[in-house]
K.L.:
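Next up is a structure, given as structure tokens.
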Amino acid sequence: MKNIVIFASGTGSNAENIIHYFKNNYSKSVVAVFSNNSNAKVIQKAKNLNVQTVIFNKQELSGDFVLSKLIDINPDLIVLAGFLLKFPEHIIQEFPNKIINIHPALLPKYGGKGMYGNHVHQAVMDNKETETGITIHFVNEHYDEGGIIFQKSVSITDCSCIEDISKKVHQLEQEFFPLIIDQLLSTNSN
Ligand code: GAR
């Protein structure tokens, strides 16, 4: 069995979708959702789907707590799905090439610190872009700069507000994120 761990900070629509996708899979399973926010909607979503949750604070992320929990679980893939804190280097070093993130834009555009959620869509709108999209990439010690695994673009010429853009990006996320996770775990010989 390949173990997937998800990190999320907010609504958790991606987390929920990924959990659903692997629910009846005999070789891959979401075994835990980690969150830095005990009030995040993702926590209740995970509980409703019978997935273990782990709540931690910033100190526990930068110290030993989160790392030791992960070592116990021994994940084959760590998936950041709307996780808004910087992922610490000591965890990245422990799990090389096993941590991925989804970003709601076409990196390297609109990435970096402070670029998350609607901030990204607002910047895309302000710059009058005609397209945006999603990027799934490996996580390294710099925000949004790890190797790109997958990108998909979408036209936004018919979008008049950031909610319209956000909706299109979420649709791409729902369609492609579980598939890419599935592919990675199928080809990854680690
Ligand atoms: C997603 O759109 C994800 O791409 C984005 O946060 C949203 C979380 O939604 N991530 C970032 O902006 C990371 N820089 P969700 O909690 O409903 O899955």
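Numbering starts at 1 and runs along the sequence shown. Order of appearance sets the numbers: ligands from 1, and atoms from 1 within every ligand.
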K.L.:
I need the I100 CD1 to I148 CD1 distance, nearest 0.5 Å.
P.N.:
13.0 Å

K.L.:
If you measure from CD on Q122 to NE2 on H119, what distance do you get to the nearest 0.5 Å?
P.N.:
9.5 Å

K.L.:
Apply ring-ring contact (aromatic ring centres under 6.0 Å, His included) to F56 and list each qualifying residue two or more places apart in sequence or on a separate chain.
P.N.:
F7

K.L.:
Identify each donor-acceptor pair in which a side-chain atom of residues 169-180 lies under 3.5 Å from a protein atom, sequence neighbours left out, and give them as a table.
P.N.:
{"from": "H170", "atom 1": "ND1", "to": "S166", "atom 2": "O", "distance (Å)": "3.2"}
{"from": "E173", "atom 1": "OE1", "to": "N14", "atom 2": "ND2", "distance (Å)": "2.9"}
{"from": "Q174", "atom 1": "NE2", "to": "S13", "atom 2": "O", "distance (Å)": "3.2"}

K.L.:
Drop me the distance from N37's CG to I43's CD1, to the nearest 0.5 angstrom.
P.N.:
7.5 Å

K.L.:
State which residues pass ring-ring contact (aromatic ring centres under 6.0 Å, His included) with F22; sequence neighbours excluded, sorted by chain then number.
P.N.:
none

K.L.:
Can you tell me which residues line ligand 1 if we count any heavy atom under 4.0 angstrom from one of its atoms, in chain and number order?
P.N.:
T11, G12, S13, N14, G82, I102, H103, P104, M115, Y116, G117, H170, E173

